[in-house]
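Just so we're on the same page: letters track the sequence lines, and every chain starts at 1.
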Amino acid sequence: MTKELPSRYDPKETEDKWYAYWEEHKYFCARPAPGKKPFTVVIPPPNVTGILHMGHALNNTIQDILIRYHRMRGFESLWMPGVDHAGIATQNVVEKSIAKEGLKRQDLGREKFIQRVWQWKEQYGSTIIRQLKKLGASCDWERLRFTMDEDYSRAVVEVFARLYEKKLIYRGHYIINWCPRCQTALSDEEAPHRELQGSLYYLRYPLEENPAEYVVVATTRPETMLGDTAVAVNPKDKRFKKLVGKALILPLIGRRIKVIADSMVDPKFGTGAVKVTPAHDPNDYATGKKHGLEFINVMHPDGRMNENAGDYRDMDRFEARQVILEDLSEKGLLEKTEPHTLSAGHCYRCHTIIEPYLSRQWFVKMKPLAKPAIDAAKKGKVKFYPRRWTKVYLNWMENIQDWCISRQIWWGHRIPVYYCAKCAETGKSQIPNSKFQKKKQNSNPKSQTEEAGVIVSRVRPEKCPVCGSTDLAQDEDVLDTWFSSWLWPFATFYWPDEKRAHADLEYFYPTAALVTAPEIIFFWVARMIMAGEEFMGKAPFSDVYIHGTVRDIEGKKMSKSLGNIIDPLEIIAEYGTDALRFSLISITAQGQDVYLSKERFEQGRNFANKIWNAARFILMNLDEQAAGQNIAPEEGGKKTASAANRWIISRFHSTAGEVARQLDTYRFNEAANTLYVFFWHEFCDWYLEMIKQDIKNPDNQEVMMAVLEGFLRCLHPFMPFITEDLWQRLKLRGDTSIMRAAWPPADKATVDKKLEKQFASLLALVTHIRNLRAWLEIKPEQQAVVSVYPHSKAHAALLSESKALVLSLARLESAHILSENQRPEASVSSVAEGFDVYLHFSGLFDAAKEQAKIKDRLSGMHKSLEAKKARMANKEFVKKAPAEVVEKEKAGIEELTNSITRLEKMFNELQRGA
RNA sequence: GGGCUCAUAGCUCAGUUGGUUAGAGCGUUGCGUUGACAUCGCAAAGGUCAGAGGUUCAAGUCCUCUUGGGCCCACCA
């Protein structure tokens, strides 16, 4: 079995091979298992147009670690994968692709266009899945879901119908966020505000009775003045008191508009007089409703001015702005222009400035849905990691606005609403069909009334249930993509199809943890909690882990347009998947953004190589007899006698326990770091170096192998490929894959803290000797001689047991053990914790230099000792600090005093000698 | 306007619920030994934990303020 390995780890040799092996053996599959606890994670479904970026890489590595870790801990671990149809994004991509053929979607028509989208999906839609597999994601691929699948769509329609029946969905004319480029309505979340450098324009509106007088209004969007139907002032504003009720002539259009009084106007802003455009501003809309103003829409859906815009008709909104300003200026009606920073909504898909636009849309009434979801977070049924996101979540939930869910695009779930032309004409409404609905209606007669001719149906109705007409037309709009995503944790289990869903949904829902980025909290996390509470009666997950945003080294978000992208697939090709995963994880502190540069991945690659070479070394030196033994560190610890072996076994278990604790609390970077330090520095730099010269010793054989094997299991969730590969080469245990092996159990019996501490002092002794050697420039090949005086019997015992180790680690010919008051001639001295050490040295060296060195150390030690003494002298400290801490201080004083005494003695001896 | 977050070694960052002389990676300096690894080893230098005040026996860690970055939310036309 001991085959010669190359001296460098080559990820390309292992990754695809082992991934195929795992898939073939169905190790990723999870099925309800009685007696086993489930551990479920649903993937944040990437967009079907997605290609793997660093954000995905981080997000999915975290999930994979959780899943693999829990799988090894004996949970039935399910990672549910899937892809999101991403309405607007996908439609945009396909529109771009047909544009190459000179086609617009309108040229194809709805049906053909949607066919093209499906074609596109068949061709490119699995890219992201392939890439996730490259990343090592251990999803149960047999369950792969797509939000536009027939089953999934059924859930979407069901949810729409239920909410409509509960009167939580309604249709209405409101100001919504409109993207003139995508030509669709957007929810508030889809139109994030960005700051802009703009101007505040002061416009003069002449009085009807005396055109020489005017009211000055300030605006940032002068083109909307074409739709003005009033000017508002604050009723308490003395400046305008006499103008209220008077008429103004709207310039350029010539419309007669009134001056109205409304307390919402801030007299301190601008001129104190506000133009009111009820069809193009949410505030003005409210004012318009309140005062019964006219709503005049002046824009086409594509952002050009419409027939109400007079001479500006068909100009783009920004072009119209310029021309209007010129025209006003010409007429002397542009008083002044001031620079002004404003914030405006931007389309989250195409970044176009959105237009507040009056249109008829479908909405979800959110307040009733939010309530249980707020409770869930407040009662700790849903916990955020880091905790601070709870506040962000609650703040949003408590101020939640109704959700605009209709989109004027073609790719998505078509709204399950049908209109009966005949009923609309005659004004008959759909007959309420559920008892619940009736009750609600009665108890709240003011709730919205049924609209005539509107039929909401789970299946396409043959004829109108009211009048029997077959003249039915389905709503042209589709639903917001997030209206399907919010059902993800249960719709993926075939809800509401009870037959199909039952066993899985029962077993795997609610899920354990959701892993996502902060910008998704409102879009998705909050809404999933609401949907879970509403339709399942339970929050969909108990933990939400929010990781940081991946940024470039300057802190900028990675984006194509900035050209600062680091492509994870490139990193995989260059450094390997394990390196990518490990490096990403080790720099991802809980809740902090990740600042990334390519060099960061060297650390991961180097670590993989280090592991590879340590394993190579062990395999090369393994006796046939020891090979194939079924030894785990769990068992190995009790058998072995040598201090070094007991030490490394104890350290291994301490490490495993610590890593488990860190993973259980989502401290991934700390877990990665703990494993790194243990393996590299303790296992390789110290332990393997210790046993090197006695490597054929059966105890050593057993322990080095056992610790390596156990370590590989601990590391597997982080670096799945190299760990599997080496584990297979060791073949120590009966399992067929490291994935099937158990995470090392936390066995406190094998952890010996006292031994660990004592052993550390032995290692410190070695470091001291090496330090002296380096200081005296003793060549490595030159074997030195030391004399050591141990401060206690325990130290003496440990030293004599492990003398051989010290000799080889410090490259010594011999080490004499001294009794008190012996100082060898021609030596240079130092004091380690628990030992005086004298390095025999007959060459030239400067005693003064040595003294200076000792003095330097002494001053540091004195400072520390004084601090400790002061603490112990403080009665409050002794009284109030925990006994453990006081004990520690006491021991520290003793130790320090001892060391100081020893050092001072040396110092004085040197003084005398000089 | 409200909220969150960051400031620790030359650089990039860790540092659990306060508790030895504050850590890592990279970089720097010196030395490299019987072939696991130069993608390596050994040793070393380098920090008044942004500033000021407070709470506490004890503060990098908790509180307040200041300075300077970043982010999110909000209907200032």
Side-chain angles (χ1 to χ4, degrees), chain A residues 5 7-9 175 192-193 200 217-221 224 232 264-266 268-271 273-277 281-286 342-343 356 388-389 391-392 395-396 399 518-519 521-522 549 551 553 555 575 579 583 586-587 589-593 595-597 599-600 602-603 605-621 661-662 665 667 669-670 673 676-677 684-685 688-689 692-693 767 770-775 777-782 811 860-861 863-865 867-868 871 874-882 884-886 888-889 891-892 895-896:
Chain A
L5 301 181
S7 70
R8 285 187 187 183
Y9 171 59
I175 297 268
H193 283 67
L200 195 55
V217 295
T219 179
T220 54
R221 293 186 297 151
T224 63
M264 118 218 170
V265 177
D266 175 5
K268 288 192 280 292
F269 189 89
T271 62
V274 188
K275 62 192 269 312
V276 181
T277 324
D281 183 278
N283 277 326
D284 295 3
Y285 174 82
L342 64 146
S343 78
R388 67 185 143 91
W389 293 108
K391 239 174 156 179
V392 176
N395 183 51
W396 186 77
N399 297 293
E519 58 264 31
I521 294 176
F522 306 145
T549 305
R551 299 174 182 281
I553 204 71
Y575 299 95
S583 284
S586 65
I587 58 178
Q590 197 178 63
Q592 286 321 119
D593 284 352
Y595 288 44
L596 212 55
S597 69
E599 296 75 54
R600 288 296 179 88
E602 285 173 15
Q603 190 192 354
R605 177 202 58 187
N606 294 356
F607 189 38
N609 198 58
K610 186 71 184 179
I611 297 164
W612 180 261
N613 274 292
R616 176 168 177 252
F617 172 70
I618 288 171
L619 287 168
M620 274 167 59
N621 287 291
R661 269 193 304 282
Q662 288 160 334
T665 46
R667 296 199 301 266
N669 63 320
E670 292 174 42
N673 197 42
Y676 182 93
V677 169
C684 292
D685 290 349
L688 289 182
E689 293 300 323
K692 229 171 196 174
Q693 77 287 345
T767 301
R770 285 171 174 170
N771 183 341
L772 287 175
R773 292 184 58 122
W775 194 55
E777 293 176 0
I778 296 176
K779 294 272 170 243
E781 65 269 19
Q782 194 181 330
R811 300 199 55 76
M861 288 162 95
K863 230 158 100 190
S864 166
L865 181 67
K868 281 180 193 302
R871 234 166 283 161
N874 186 331
K875 280 180 195 148
E876 293 296 300
F877 171 73
V878 181
K879 206 165 71 188
K880 290 181 182 166
E884 212 183 275
V885 175
V886 177
K888 229 172 171 179
E889 286 299 298
E895 224 169 77
L896 258 179

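Regarding Lys391(A), its NZ atom lies at a distance of 13 Å from the C1' atom of C72(B), rounded to whole Å. Atom NE2 of His193(A) is separated from atom C1' of C73(B) by 10 Å (rounded to the nearest Å). Phe269(A) has its CZ atom 15 Å from the P atom of C75(B), to the nearest Å. When rounded to the nearest whole Å, the span between NZ of Lys275(A) and C1' of C76(B) equals 15 Å.
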Name the pairs: protein N/O against N/O of nucleotides 14-18 of chain B, kept only if under 3.5 Å.
{"from": "U16(B)", "atom 1": "O2", "to": "Arg667(A)", "atom 2": "NE", "distance (Å)": "3.2"}
{"from": "U16(B)", "atom 1": "O2", "to": "Arg667(A)", "atom 2": "NH1", "distance (Å)": "3.1"}
{"from": "U16(B)", "atom 1": "O2", "to": "Arg667(A)", "atom 2": "NH2", "distance (Å)": "2.1"}

Collect all protein-nucleotide pairs involving nucleotides 56-58 of chain B in which both atoms are nitrogen or oxygen and the distance is under 3.5 Å.
{"from": "C57(B)", "atom 1": "OP1", "to": "Lys880(A)", "atom 2": "NZ", "distance (Å)": "2.0"}
{"from": "C57(B)", "atom 1": "O2'", "to": "Asn874(A)", "atom 2": "ND2", "distance (Å)": "2.8"}

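Nucleic acid contact for Val392(A): none, since no nucleic acid atom lies under 4.0 Å from a heavy atom of the residue.
Between Thr277(A) and the phosphate of A77(B), there is no side-chain N or O to OP1/OP2 separation shorter than 4.0 Å. One finds a side-chain N or O of Asn771(A) lying less than 4.0 angstrom from the OP1 or OP2 phosphate oxygen of A44(B).
When the ring-ring contact (aromatic ring centres under 6.0 Å, His included) test is applied to Tyr285(A), the partners found at least two apart in sequence or on another chain are Phe295(A). Under the rule for a ring-ring contact (aromatic ring centres under 6.0 Å, His included), the partners of Phe522(A) that lie at least two apart in sequence or sit in another chain are Trp396(A).
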Dot-bracket line, read 5' to 3' along RNA chain B, where crossing pairs take [ ] and | marks a partner on another strand, Watson-Crick or G-U under 3.5 Å:
(((((((..((((.....[...)))).(((((.......))))).....(((((..]....))))))))))))....

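Both tests do not hold together for Lys610(A) against Tyr676(A): distance to the six-membered ring centre under 6.0 Å, angle to the ring axis within 45°.
Within 6.0 Å of CD in Glu781(A) there are more than 12 heavy atoms belonging to other residues, nucleotides or ligands.
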Sugar-phosphate means primed atoms, P, OP1 and OP2; the rest is base. With that split, encode nucleotides 27-40 of chain B 5' to 3' as B, S or - using protein heavy atoms under 4.0 Å.
----SSBBBBB-BS

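To the nearest 0.5 Å, the span separating CE on Met861(A) from CD on Glu895(A) amounts to 9.5 Å.
The residue among Trp389(A) and Arg770(A) whose nearest nucleotide of RNA chain B lies closer to the 5′ end is Trp389(A).
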